[in-house]
There are 6 protein chains.
Amino acid sequence: MEQDRYELGLQKLAEVDGRGGEEVIAGLRHIAPDLGTYIIEFAFGDIYCREGLTLPERELITLSSLLTAGGCEPQLEVHIHGALNVGIPPRKVIETFIQCIPYTGFPKVLNAVGVAKKVFADRDINLENSQE
Amino acid sequence: MEQDRYELGLQKLAEVDGRGGEEVIAGLRHIAPDLGTYIIEFAFGDIYCREGLTLPERELITLSSLLTAGGCEPQLEVHIHGALNVGIPPRKVIETFIQCIPYTGFPKVLNAVGVAKKVFADRDINLENSQE
Amino acid sequence: MEQDRYELGLQKLAEVDGRGGEEVIAGLRHIAPDLGTYIIEFAFGDIYCREGLTLPERELITLSSLLTAGGCEPQLEVHIHGALNVGIPPRKVIETFIQCIPYTGFPKVLNAVGVAKKVFADRDINLENSQE
Amino acid sequence: MEQDRYELGLQKLAEVDGRGGEEVIAGLRHIAPDLGTYIIEFAFGDIYCREGLTLPERELITLSSLLTAGGCEPQLEVHIHGALNVGIPPRKVIETFIQCIPYTGFPKVLNAVGVAKKVFADRDINLENSQE
Amino acid sequence: MEQDRYELGLQKLAEVDGRGGEEVIAGLRHIAPDLGTYIIEFAFGDIYCREGLTLPERELITLSSLLTAGGCEPQLEVHIHGALNVGIPPRKVIETFIQCIPYTGFPKVLNAVGVAKKVFADRDINLENSQE
Amino acid sequence: MEQDRYELGLQKLAEVDGRGGEEVIAGLRHIAPDLGTYIIEFAFGDIYCREGLTLPERELITLSSLLTAGGCEPQLEVHIHGALNVGIPPRKVIETFIQCIPYTGFPKVLNAVGVAKKVFADRDINLENSQE
């Protein structure tokens, strides 16, 4: 039932993207509320709720896709938070970006690392002192 | 030392891409041998040999990047083989492509599934009979 | 209810893409049937069934998006058929591609016209003799 | 004659993009005036003056192309104004972006809606109170 | 005058792309002749006839743009011929592709080298025996 | 030996990108120092140090690739400086961007010219008074 997809999606969105995801949806309320509904129902209710990949694996795949697409810095910011929220260590976020170099070249990787720098600062993450 | 990067890369390339990778390098021999050397030294010797991600994780990230870039069907073919070579089950390759839908839309996912269809047929993989 | 989205989507897919759409879905049956389900439920059941744009307007937008994305020749083929199926005259398909030149440059427009050439030949459309 | 293409283009640019278009051309005067001339002569004098599509149809196609290309937020801003200038209702601009979801995924659609939000605010358009 | 732009463009097209360019234009005759006219008038009559860059420099820039865009293999084929036609040595075509690696990653460079391989074979160019 | 690649790359980076390049590397120190090392060793030590193209030719190719990729404004800024540093006259930078119009369309060229405007202002370059 539709209600189920929406409820499941809302729960998954909260689990993955936390406040950042909620803000994206809230920002659409007065201009394109259906877009927010589709993100919740389809992206999170249908896709993220599937079996076959762990949530951390889904976030690695998402980070790679957003980095490669280019021009998706706002979404990269939400999903770097998301990756950390589901337990990916900060170093592994950076390592994911480095794995993309042979496939995307340096500029897109530099842009993604720039977004990570902002997110890590927001969360007081200091890679040099961190164990992971 | 350079020799080390080349040797390490060649070994990693064989481990990941198997015959498909060797054929790519061989195909460059008479026209752009240095390009083959850089793929071995840099992509496989430097990047794939790093710590911080497992080989299967590196292949999930690579599949997502190649799907998202578009127009990389020959490289997707090599790396779907690569993903299977490092132990990713066929269903998980498809699941990786499905995770990209919200970020890339359907056409690129359809193209990637089309390549997987060819690779699975080459390897006599039948998802319907398979346990994974 | 889910059944409704699927049924509505299937009907809309048949209306727009006709046999080409059915073949795409059939081709996914043994490898990624859920991908076919999402195309039917989400792309056609949710999006194409919305109010606010006519079907021909939706196809103009789709042709422009596929041309601009690049590397989507198989999907362009399906949707050039789709555009003709919903009543867009062949000349207007070409005119849509020409409108993209300032935004995408010539190569992508040339590729799209190449696909139209194939579709028009398949449907025995001869622009020179045609009134539209 | 060249003069004609330039004059026709200038008139069409004013009709479509209004002040936003003029500002783009003015901003090029001291660094790349020929680029401005080509936009006027070729994009507007040649392409936008063609028959076969209405101006609103041309703008739907343009919005779809700019959204799909990514990284074209300044041009999207000019052409959302342009779409409204030629009579496309604000809701239909949003609907055009929503039609792109299956072909581009959510991030590019979110970016385009973000630009529309700014343009609608600049023009005091409130979709919730509006009839269209 | 328009005639001049067309005549100048046709001459420049013949000089650069030779038979390959003529075939592209001829292939458009029955489906989108105006597209051919714009390529001649605007791309070759306006842009390629400008001062400020040599023809070989224009072709290096074109090869880099087509490689980076992706999915432009047919146009790459025409312009690799074009580069050779205006005097760029075969090795320098390959070197141009190698310079793109840090900015585009390996897959697009591999695709471009694959097209060069075909063009060089068509022209009986053997890099190993060649002095340049 | 590795040291050699690093030393050669550092020297070449300083020659081409000057302070802008050093700032990019410095900005990576606390978050992704290995990314900086790969840029120095691979992009500058391996690729930029090759024979077969002059440094100005390498920068023309780089500018074209970054413009075409889109979303690489920070890297375009560094490499417009780089182009000027290796002796390309300001007008030729603009001419390079204009050569891309037929292959990328106007929006990406407008974005690149916008970055050049900022770089030229930073360097007190006034194209109208300049001889080149």
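Residue numbers begin at 1 in each chain, while the letters A, B, ... track the order of the sequences.
When heavy atoms are compared at a cutoff of 4.5 Å, Leu66(E) approaches chain F solely by way of its side chain, counted from C-beta outward. For a residue to count as touching a neighbouring chain, one of its non-hydrogen atoms must lie under 4.5 Å from one of that chain's; by this rule Glu51(F) touches chain E with the backbone only. At a 4.5 Å heavy-atom cutoff, the contact between Ile101(E) and chain F is made by side-chain atoms alone.
The closest side-chain heavy-atom distance from Ile61(E) to Leu60(F) is below 4.5 Å. Between Glu57(E) and Lys92(F), the closest side-chain pair of non-hydrogen atoms falls below 4.5 Å. Between Tyr103(F) and Gln75(E) there is no side-chain heavy-atom pair separated by less than 4.5 Å.
Surrounding CD of Glu15(F) are more than 12 heavy atoms belonging to other residues, nucleotides or ligands, all under 6.0 Å away. More than 12 heavy atoms of other shown residues, nucleotides or ligands fall within 6.0 angstrom of atom CZ in Arg123(E).
A distance-only check finds no donor-acceptor pair linking the side chain of Ser65(F) to the backbone of Ser64(E) [under 3.5 Å].
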How far apart are the C-alpha atoms of Glu59(E) and Gln99(F), what are their side-chain angles, what is the distance that settles it, and do they pass the side chain to side chain contact (heavy atoms under 4.5 Å, CB included) test?
CA-CA 9 Å; Glu59(E) 283 301 316; Gln99(F) 171 65 17; 5.5 Å; no

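A donor and an acceptor atom, one from each side chain of Thr68(F) and Thr68(E), are nowhere located under 3.5 Å apart.
Interatomic distance, Thr96(E) OG1 to Leu53(F) CG, rounded to the nearest 0.5 Å: 5.0 Å.
Between Phe106(E) and Phe42(F), the ring planes lie tilted relative to each other; the angle falls in the 30° to 60° range.
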